[in-house]
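FYI, side chains are in, hydrogens and waters are out, and symmetry mates aren't considered; it's all heavy atoms of this structure. Everything numeric in this text was worked out from a predicted model, so none of it was measured.
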Amino acid sequence: MTGGSDADDTDGADGADNAEHAEREGPAVRVRRAREGDILAVLRVVEGAMLEVGANQVRRRTESGDVLVAEREGRVVGALVRDGDHVEAIAVHPDRRGAGVGSLLVERALAESGRLTAEFREEVRPFYEALAFDIEEREGEKRLWGERER
């Protein structure tokens with residue numbers, strides 16, 4: 001995947017579904033690939049969720065096309081950072097949590113990669129379960145492992 005083309009700004013094959021779902025909650029939320037100008041907004045959302053993803057990591061992933069943003073009325077309200085098919089971070093602005101933004105981000109990433117994996121804390125298990133991730137506890141690990149295929 002590469003970033004920077006006009007095609008990066010489209011909602012993809014499932015864009016109509018994304019907009020329809022989000023409209024029930026108010027103005028449409030649009031999922032697209034992050035651009036260089038989104039890095040600060042991505043960092044704010046990720047840091048607001050107290051996730052450990054640094055600026056250099058977000059910049060590298062943005063350059064490789066592995067960061068998705070959810071945008072509502074021109075404002076970034078959610079972000080998903082991944083390395084290939086592994087989700088490194090997913091975060092949603094507190095005002096938009098519970099409105100399906102995180103689900104839209106995961107579904108778009110899954111549509112692009114065909115498979116996603118994630119390592120996460122127990123308290124976010126319900127989120128991944130609701131998205132049909134297969135979840136396992138790994139011996140000696142404090143975090144859970146999740147995997148889902150399209």
Side-chain angles (χ1 to χ4, degrees), residues 3 8-62 65-138 141-150:
D8 293 343
D9 293 336
T10 64
D11 290 319
D14 59 350
D17 293 336
N18 286 350
E20 181 180 315
H21 171 76
E23 297 235 19
R24 287 183 239 135
E25 302 293 329
V29 172
R30 185 173 77 120
V31 174
R32 61 171 174 79
R33 283 198 185 99
R35 299 181 289 257
E36 186 177 341
D38 296 320
I39 291 173
L40 184 57
V42 169
L43 287 169
R44 284 183 182 141
V45 171
V46 169
E47 288 173 358
M50 299 187 331
L51 300 175
E52 297 178 16
V53 177
N56 288 333
Q57 186 176 359
V58 170
R59 181 175 304 286
R60 283 192 312 272
R61 301 294 182 249
T62 299
D66 283 342
V67 176
L68 296 174
V69 294
E71 184 179 62
R72 181 174 183 248
E73 296 181 320
R75 183 173 151 237
V76 172
V77 296
L80 184 145
V81 180
R82 63 190 166 115
D83 181 7
D85 65 1
H86 183 73
V87 176
E88 295 179 317
I90 182 165
V92 177
H93 189 279
D95 294 345
R96 298 301 302 158
R97 290 185 188 145
V101 174
S103 298
L104 292 173
L105 287 162
V106 168
E107 293 300 331
R108 169 69 181 267
L110 190 62
E112 288 183 5
S113 70
R115 174 181 180 267
L116 290 177
T117 63
E119 189 177 355
F120 49 90
R121 298 181 310 261
E122 176 68 39
E123 58 264 24
V124 295
R125 182 181 192 142
F127 172 76
Y128 285 96
E129 285 178 334
L131 290 167
F133 273 72
D134 293 323
I135 299 171
E136 65 181 60
E137 296 178 24
R138 294 188 168 175
E141 297 288 327
K142 292 181 180 181
R143 296 170 64 87
L144 301 173
W145 179 263
E147 186 173 326
R148 178 173 167 204
E149 294 190 24
R150 191 171 10 175

Student: Do R125 and E137 touch side chain to side chain, with heavy atoms closer than 4.5 Å?
Tutor: yes
Student: Using side-chain heavy atoms (C-beta onward) and a distance below 4.5 Å, is V42 in contact with T62?
Tutor: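 The answer is no, as the side chains (C-beta and beyond) never meet within the 4.5 Å cut-off.
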Student: Quick one: closest heavy-atom pair of L105 and A79, and the distance?
Tutor: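 So the two residues come closest at CD1-N, 3.5 Å.
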Student: Would L110 and E107 count as a side chain to side chain contact (heavy atoms under 4.5 Å, CB included) if you check the C-alpha gap in whole Å, the side-chain angles of each, and the deciding distance to 0.1 Å?
Tutor: CA-CA 5 Å; L110 190 62; E107 293 300 331; 4.2 Å; yes
Student: Enumerate the residue pairs fulfilling salt bridge (Lys or Arg N to Asp or Glu O under 4.0 Å) with a member in residues 37-49, sequence neighbours excluded, ordered by first and then second residue.
Tutor: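 Sorted result for residues 37-49: R32-D38.
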Student: Around atom CD of E36, are there more than 12 heavy atoms of other residues, nucleotides or ligands at under 6.0 Å?
Tutor: no
Student: If you round to the nearest 0.5 Å, how far is CZ of R108 from OG of S103?
Tutor: 15.5 Å
Student: Show the nearest heavy-atom pair for residues D66 and G84, with the distance to one decimal.
Tutor: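 Between these two residues, the closest heavy atoms are OD2-N, 3.3 Å.
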Student: Does CG in D95 sit with more than 12 non-hydrogen atoms of other residues, nucleotides or ligands closer than 6.0 Å?
Tutor: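 Buried by this count: over 12 neighbours within 6.0 Å.
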Student: Apply the test side chain to side chain contact (heavy atoms under 4.5 Å, CB included) to residues R96 and R75: give CA-CA distance (whole Å), side-chain angles for both, the deciding distance (0.1 Å), then the verdict.
Tutor: CA-CA 12 Å; R96 298 301 302 158; R75 183 173 151 237; 5.6 Å; no
Student: Identify the two heavy atoms, one from V92 and one from V45, that lie closest to each other, and give their separation to 0.1 Å.
Tutor: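 Of all heavy-atom pairs spanning V92 and V45, the closest is N-CG1, 3.9 Å.
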Student: Going by the rule side-chain contact (heavy atoms from CB on, under 4.5 Å), which residues pair with E123 if we only count those two or more places apart in sequence or in a different chain?
Tutor: R121
Student: Compare every heavy atom of R97 with every heavy atom of G48, then report the nearest pair and how far apart it is.
Tutor: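 Taking every non-hydrogen atom into account, O-NH2, 4.1 Å.
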Student: Test side chain to side chain contact (heavy atoms under 4.5 Å, CB included) on L68 and R33; report intermediate values, then the result.
Tutor: CA-CA 4 Å; L68 296 174; R33 283 198 185 99; 4.0 Å; yes
Student: Please identify each residue that fulfils side-chain contact (heavy atoms from CB on, under 4.5 Å) with E141, with sequence neighbours left out.
Tutor: E119, R138
Student: List the steps, then state whether side chain to side chain contact (heavy atoms under 4.5 Å, CB included) holds for Y128 with V87.
Tutor: CA-CA 12 Å; Y128 285 96; V87 176; 4.2 Å; yes
Student: Can you see which heavy atom on G78 is nearest to which on V101, and at what distance?
Tutor: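 Smallest interatomic distance, heavy atoms only, reads CA-CG1, 4.2 Å.
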Student: Work out which heavy atom in A109 is nearest to a heavy atom in L80; give both atom names and the distance.
Tutor: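 Looking at all heavy atoms of both residues, the shortest contact is CB-CD2, 4.0 Å.
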Student: To the nearest 0.5 Å, what is the distance between CD1 on I39 and CG on N56?
Tutor: 9.5 Å
Student: How are the rings of H86 and W145 set relative to one another: parallel (under 30°), tilted (30 to 60°) or perpendicular (over 60°)?
Tutor: parallel
Student: Could you give the distance from CG (L116) to CD1 (I90), rounded to the nearest 0.5 Å?
Tutor: 9.0 Å
Student: I need the T117 OG1 to E149 CD distance, nearest 0.5 Å.
Tutor: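 These two atoms lie 10.5 Å from each other.
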